[in-house]
Structures are given as C-alpha cells and as structure tokens.
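What you see is a predicted model; the values in this text were computed from it and never measured. Proteins come first, then strands; the chains are lettered A, B, ... in the order of their sequence lines, and each starts at number 1.
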There are 2 protein chains.
Amino acid sequence: MSISSRFAVGIHILVLIEMNKDGVSSSEFLAESVNTNPVVIRKIMGMLKKSGLVEVHPGKAGAKLAKDLSDITLLDVYKAVNVVQDRALFSIHQNPNPKCPVGRNIQDTIEPIFEASQIAMEKVLENVTLEDVVKDISKKENIIC
Amino acid sequence: MSISSRFAVGIHILVLIEMNKDGVSSSEFLAESVNTNPVVIRKIMGMLKKSGLVEVHPGKAGAKLAKDLSDITLLDVYKAVNVVQDRALFSIHQNPNPKCPVGRNIQDTIEPIFEASQIAMEKVLENVTLEDVVKDISKKENIIC
DNA sequence: TCACTTGTAATTATAATGATTACATGTAAC
DNA sequence: GTTACATGTAATCATTATAATTACAAGTGA
C-alpha cells in the first residue's frame with residue numbers, strides 16, 4: 001500500500017500559499033490548484049494548523065505560513081498530516097505462536113530493523129525544506145516559460 | 001497506512017523453514033507458528049516461490065529454501081511479497097491544475113524526493129540477511145532458556 | 001485407491017482513503 | 001444588524017487493500 005496523498009497535497013498547499021503570498025489563499029483557491037474538494041483542503045489545513053505550520057482563522061478568508069519557508073522540512077509536513085505513525089510504517093502480524101522459538105521472538109527481532117528502515121526514509125524528508133521545493137518549481141518555470 | 005504484514009509473515013516463514021530444516025514445513029505447520037490460516041501461508045509461499053526463494057511442490061508436503069540463508073536479504077523478501085511497488089511508497093495526487101505554476105510542476109518536483117526516500121528505506125532492508133535474523137533469534141533463545 | 005498436500009478462486013468483514021453534502025460558526029463590508 | 005462569504009466538522013458513500021475463511025481442483029506417495 002501507499003502513503004496517503006495527504007502528504008503530497010500538504011506540500012502542494014504550503015508551496016502555493018507561499019507563491020501566492022500577495023493574494024488570498026482560500027480553501028477554494030487551493031482546491032482548484034490541487035484539483036480536489038475544498039473540504040479536503042480544509043481538513044488537511046486543520047492538521048497543518050494544529051502542527052503550527054499555517055495560520056488560518058474561522059470566517060476569515062486566506063491562509064498564511066506560520067514559519068519561514070526554510071524552517072519547514074518535508075518531515076514536518078509528513079508528521080503534521082499523520083500519514084504514517086511512529087514505528088508503524090511496517091505492520092507486524094499479531095499473536096504469533098509463543099510455543100515456537102520463531103513465534104516468540106520474531107517481533108522483537110524485526111521491529112528494530114523496521115524502525116531503522118522507517119527512520120532512514122524519514123531522514124531524507126527531513127533534509128528537504130519547502131524552500132528547496134519552491135526554488136525547484138521556480139527554476140522549472142523559468143526554463144519552460 | 002502501513003505496509004502489509006505479508007512482509008513480516010514472509011520473513012517468519014522463511015526463518016522457520018530454516019530452523020525446522022530437519023522437519024517438514026507444511027503450510028499448516030507454518031500457519032500454526034504465524035497464527036493464521038494455512039491458505040494465507042500458501043498464498044505468500046506462492047509469491048516467495050515465484051521469486052525463487054523457496055522450493056515447494058503441489059501435493060508434496062514441506063517447503064525448503066531455494067538459496068543460502070546469507071544470500072537472501074530482507075529486501076528480497078519485501079520485493080517478493082509485493083507490499084510496495086517501485087516508486088510508489090508515496091502516492092501523489094493526480095491531475096493537479098496545469099494552469100497553476102505549482103499544479104503543473106509539483107509532481108515532477110517531489111517525485112525524485114519521494115523516490116530517494118523510498119530507496120533509503122529499502123537500502124536498510126538490503127543490508128540485513130535472513131542469516132542475521134536467524135542468528136538474532138538463536139541468541140535470544142539461548143539467553144532466555 | 002486413499003489420505004493428505006498444494007494451488008486457487010470466491011466470499012466476507014474490516015479499515016483507510018478521498019469526494020461530497022450539509023450545516024454550524026466566525027468575519028467583515030454594507 | 002443583516003448579508004455574503006469563509007472556515008470547521010460531522011456524516012455519508014464508493015473504492016480499494018487486507019486478512020481470514022470456505023470450497024474445491026489437482027498432484028503425491030504409501
């Protein structure tokens with residue numbers, strides 16, 4: 001299975017808020033760019049707000065970033081939108097048979113490996129900031145246009 | 001979401017076949033240790049067989065490893081049981097708005113980052129062999145018993 | 001032949017996702 | 001203060017993957 005697109009959408013939203021900083025980024029505006037329903041955007045925005053990444057107020061149109069672009073890593077976004085729980089990227093079968101040497105040890109043996117693997121994946125996300133993403137998009141736009 | 005427990009069960013199965021190499025590892029025997037249904041085991045076994053990790057024959061009870069323990073990495077098992085497709089650990093929303101600079105570039109920008117992240121995760125699995133897992137379990141058993 | 005095994009198809013319950021409708025609540029311009 | 005419009009949320013629905021289970025065809029060997 002795949003990690004929910006909430007993560008990719010979260011990045012999209014934050015980048016667009018930045019690049020549209022002189023305009024008003026309402027949930028409808030953002031939804032049009034992502035190509036989804038405004039409610040989906042508002043739900044994700046709620047998570048980003050809870051994690052202190054955006055400022056948004058009931059009744060007041062438009063969202064703003066709550067931090068500098070360079071202070072938000074992709075790992076921050078990933079954690080904010082709850083796509084993967086800590087130590088739970090890999091699921092391990094429950095209740096293996098304790099009467100069997102393999103059954104009673106397999107969980108403790110593979111858990112640290114799975115955890116290390118998940119952490120390696122997350123480290124890569126931690127080393128990329130939204131600023132990097134915005135710069136890359138700006139660069140692509142200049143070449144194309 | 002989490003990666004299917006097929007992966008953990010696949011490891012469990014292969015380790016148990018090895019540690020029970022003097023006995024007969026039928027799907028029912030394996031299912032008892034994993035604590036699941038024999039059909040689940042046979043389905044996973046089919047994938048492991050297709051990838052050349054085990055030898056198993058219709059009508060003939062018992063499975064054997066098709067390679068040396070030290071020649072099977074956790075990545076081999078992971079690939080065999082099809083829990084994550086190539087470049088698809090993270091899903092990216094389809095059809096973002098091409099009229100928006102962010103919409104028309106977001107996919108190309110974040111895809112390489114997601115791919116690098118997935119590869120980092122898989123590299124960790126590649127560096128662990130079934131031999132390592134068996135040794136760890138054996139060590140734990142000696143301490144406990 | 002018979003008991004037992006593997007290989008598979010089909011069915012079911014459960015859970016997450018993403019889209020959508022509906023509506024309560026907050027904001028600000030008039 | 002009313003009105004237009006925005007956010008916040010609950011509820012519903014279709015889709016999809018998982019894991020368990022039943023049923024049965026086909027292979028194996030005593």
Could you tell me whether the side chain of [Y] reaches within less than 4.5 Å of the side chain of [X], counting heavy atoms only?
X: A:F90; Y: B:M121; result: yes
X: B:L14; Y: B:L48; result: yes
X: B:E111; Y: B:E115; result: yes

| Does the distance from a Lys or Arg side-chain N to an Asp or Glu carboxylate O, for B:E55 and B:K64, drop under 4.0 Å? | no
| request: With sequence neighbours left out, write down each residue that passes ring-ring contact (aromatic ring centres under 6.0 Å, His included) with B:F29, or none if nothing qualifies. | output: none
| field | Nearest-nucleotide comparison on DNA chain D, the residue closer to the 5′ end among A:K43 and A:S91 | value | A:K43
| Under 4.0 Å protein heavy-atom contact, by nucleotide of nucleotides 22-30 of chain D - B base, S sugar-phosphate only | BB---BSS-
So, [X] side chain and [Y] main chain: donor-acceptor pair closer than 3.5 Å or not?
X: B:S91; Y: A:I3; result: yes
X: A:E32; Y: A:P38; result: no
X: B:D108; Y: B:N105; result: no
X: B:S138; Y: B:V134; result: yes
X: A:S4; Y: A:R6; result: yes

[X] [atom1] - [N] [atom2] separation (whole Å):
X: B:M1; N: D:dA19; atom1: CE; atom2: C1'; result: 11 Å
X: B:Q94; N: D:dT16; atom1: CD; atom2: P; result: 14 Å
X: B:M47; N: D:dA19; atom1: CE; atom2: C1'; result: 12 Å

| For chain B, the stretch of DNA chain C it reaches, first to last nucleotide, under 4.0 Å of its heavy atoms | C:dT5 to C:dT17
| task | Give, for atom CE of A:M47 and atom CG of A:N82, the distance between the pair rounded to the nearest 0.5 Å. | result | 6.0 Å
| said: Base, sugar-phosphate or nothing for B:K49? Non-hydrogen atoms, less than 4.0 Å. | reply: sugar-phosphate
| task | Check side chain to side chain contact (heavy atoms under 4.5 Å, CB included) between B:Q94 and all other residues, then give those that pass, not counting sequence neighbours. | result | B:Q107
| message | Side-chain N or O of B:T36 versus OP1/OP2 of D:dA20: is the shortest distance under 4.0 Å? | response | yes
| said: Under 4.0 Å, heavy atom to any atom of DNA chain C: which of residues 75-89 of chain B qualify? | reply: none
| request: Tell me which residues in residues 5-18 of chain B put a heavy atom below 4.0 Å from DNA chain D, sorted by number, or none. | output: B:S5, B:R6
| query | Between A:S33 and B:N97, do the side chains contain an N or O donor and an N or O acceptor separated by less than 3.5 Å? | reply | no
